[in-house]
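Notes follow the structure.
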Amino acid sequence: MKFFITSIAAFFCFLTQVSAQLDVEDLISALKNSGRPLADLERDSNRKAPEVLNFLGLEKGMQALDFVAIGGWYSEVLAIAVGPSGQVIMQNNPGRMVDNNIDQIKERLSRRQNISHHVGPVSDLPSDSVDFAMTALNFYDIYNRSAEEAHDRLTQVFNTLKPGGVFGVIDHHGTEGADNASLHRIVFEDAVKSITATGFALTGTSDLLVNPLDDHTLGPFDPSLGRNTDRFILRFVKP
């Protein structure tokens with residue numbers, strides 16, 4: 001089954017490469033000169049956001065949702081990428097993660113007029129209203145906590161996207177049989193099965209964030225990894 005699902009992902013990746021939607025070099029330059037704090041700039045090199053967003057198919061002027069944004073690193077990158085004609089919704093559920101990052105969130109909102117912070121479930125947002133949604137390095141936590149919760153929250157994202165809308169997922173590679181909950185990881189095949197079960201169609205994968213030096217036995221915050229885990233990128237579309 002593992003080989004079968006992986007082969008499907010590779011097959012889709014081969015068939016559905018999207019043409020460039022963003023000027024990657026322009027976005028790289030814009031991020032360097034964005035006025036973001038040094039801690040954000042230091043993550044640019046290993047997150048490769050311009051290349052990732054280009055692969056996912058983001059375009060200027062889109063309405064974008066950062067699902068489980070936490071402190072909003074990607075929310076601000078999305079805001080720069082979609083430009084002033086686009087909008088970004090930074091979504092979080094109420095609780096400790098928002099409280100712990102509230103100062104950072106407020107700073108982002110003050111820098112980017114095209115970001116709004118939605119504290120509450122995605123189901124509060126209008127149906128068929130968003131062109132693009134993504135979640136970065138957070139889905140593993142929802143899935144490992146509860147497959148039922150993961151299905152419910154993914155369904156909310158599905159309903160909020162317009163038909164033809166893209167859902168991008170970036171996460172830390174896990175290993176079958178390992179304690180992925182403790183390691184803050186998720187098995188590639190488990191992520192694909194969970195997301196497609198809500199109605200999404202897998203249309204591509206990317207190896208932009210592959211790190212062969214990560215053997216998947218350490219958590220992503222282990223200092224030896226330098227926040228550079230082996231990560232997969234999945235692109236889904238709402239039919």
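Between Glu51 and Ile28, the closest heavy-atom pair is OE2-CD1, 4.0 Å. Looking at every heavy atom in both residues, Val166 comes nearest to Leu161 through O-CD2, 3.6 Å. Closest approach of Gly57 and Met62 over heavy atoms only: O-CE, 3.7 Å. The two atoms that bring Leu22 and Ala81 nearest to each other are CD2-O, 4.2 Å, heavy atoms only. Between Asn144 and Asn180 the shortest heavy-atom distance is ND2-O, 3.5 Å. What you find for Pro239 and Gly199 is that their closest heavy atoms are CD-O, 3.4 Å.
Residue Ile170 is not grouped with residue Leu183 when hydrophobic side chains (ILVMFWY) are merged at heavy-atom distances under 4.5 angstrom, including chains of intermediate members. Residues Val52 and Val24 do not share a hydrophobic cluster, defined by chaining ILVMFWY side chains whose heavy atoms lie under 4.5 Å apart. Using a 4.5 Å cut-off between side-chain heavy atoms of Ile, Leu, Val, Met, Phe, Trp and Tyr, with links allowed through other members, Leu137 and Leu218 fall into different hydrophobic clusters. Note: the hydrophobic cluster containing Phe132 also contains Leu31 (ILVMFWY, side chain heavy atoms under 4.5 Å, direct or indirect links). Taken together through direct or relayed side-chain contacts under 4.5 Å among Ile, Leu, Val, Met, Phe, Trp and Tyr, Val237 and Leu53 form part of one hydrophobic cluster.
The closest donor-acceptor contact from the side chain of Asn114 to the backbone of Gly83 lies under 3.5 Å. Proximity of a side-chain donor or acceptor of Ser194 to a complementary backbone N or O of Asp190 within less than 3.5 Å is not detected. Judged by distance alone, with hydrogens and angles left aside, the side-chain atoms of Gln63 form no donor-acceptor pair with the main-chain N or O of Val130 at under 3.5 Å. Remark: side-chain polar atoms of Lys48 are not paired, donor with acceptor, to backbone N or O of Leu209 under 3.5 angstrom. A distance-only check finds no donor-acceptor pair linking the side chain of Asn211 to the backbone of Thr229 [under 3.5 Å]. Not one N or O on the side chain of Ser29 forms a donor-acceptor pair closer than 3.5 Å with the backbone of Glu25. Remark: side-chain polar atoms of Ser110 are paired, donor with acceptor, to backbone N or O of Glu107 under 3.5 angstrom.
Using modelled atom types, one finds a donor on one side chain and an acceptor on the other under 3.5 Å when comparing Asp230 with His216. No hydrogens or angles considered: nothing links the side chains of Asn92 and His118 as a donor-acceptor pair under 3.5 Å.
Sparse packing is recorded around NZ of Lys106, with 12 or fewer heavy atoms of other residues, nucleotides or ligands lying under 6.0 Å away.
Counting only heavy atoms from C-beta outward, the side chains of Arg231 and Val210 never approach each other to under 4.5 Å. By the 4.5 Å heavy-atom criterion applied to side chains, Asp66 and Thr135 are not counted as neighbours. By the 4.5 Å heavy-atom criterion applied to side chains, Gln104 and Trp73 are not counted as neighbours. Taking the side chain as every heavy atom from C-beta outward, Asp40 and Arg108 approach each other to under 4.5 Å. No side-chain heavy atom of Val187 sits less than 4.5 Å from a side-chain heavy atom of Thr175. Using a 4.5 Å heavy-atom threshold, the side chains of Asn54 and Leu58 count as separate. Side-chain atoms of Pro37 and Glu42, non-hydrogen and from C-beta on, never get closer than 4.5 Å to each other. Counting only heavy atoms from C-beta outward, the side chains of Met90 and Ile115 approach each other to under 4.5 Å.
For Asp44 and Arg36, the salt-bridge test passes: some basic side-chain N is under 4.0 Å from an acidic carboxylate O. A salt bridge is defined here as a Lys NZ or Arg NE, NH1 or NH2 lying under 4.0 Å from an Asp or Glu carboxylate O, and Arg227 with Asp222 fails to meet this definition. A salt bridge does not link Arg185 to Asp141: none of the charged nitrogens lies less than 4.0 Å from a carboxylate oxygen. Using a 4.0 Å cut-off between charged nitrogen and carboxylate oxygen, Glu149 and Arg153 count as a salt-bridge pair. Classification of Asp128 and Lys238 as a salt-bridged pair holds, one side-chain N sitting under 4.0 Å from a carboxylate O.
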**Prompt:** Could you go step by step and tell me if Val77 and Arg47 meet the side-chain contact (heavy atoms from CB on, under 4.5 Å) rule?
**Reply:** CA-CA 11 Å; Val77 171; Arg47 289 198 168 187; over 6 Å; no
Please lay out, stage by stage, how Tyr143 and Asp171 fare under the test side-chain contact (heavy atoms from CB on, under 4.5 Å). CA-CA 11 Å; Tyr143 178 86; Asp171 226 323; over 6 Å; no
Candidate pair Val119 and Asn93, rule side-chain contact (heavy atoms from CB on, under 4.5 Å), full reasoning: CA-CA 5 Å; Val119 182; Asn93 281 359; over 6 Å; no
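A distance of 6.0 Å separates CZ of Phe67 from CZ of Phe167, quoted to the nearest 0.5 Å.
Each of Ile89, Leu65, Val88 was compared with Leu78 under the side chain to side chain contact (heavy atoms under 4.5 Å, CB included) criterion, and only Val88 meets it.
Between Phe232 and Phe188, the ring planes lie perpendicular to each other; the angle is over 60°, past the 30° to 60° tilted range.
By the 6.0 Å and 45° rule, Arg235 stacks over the aromatic ring of Phe55.
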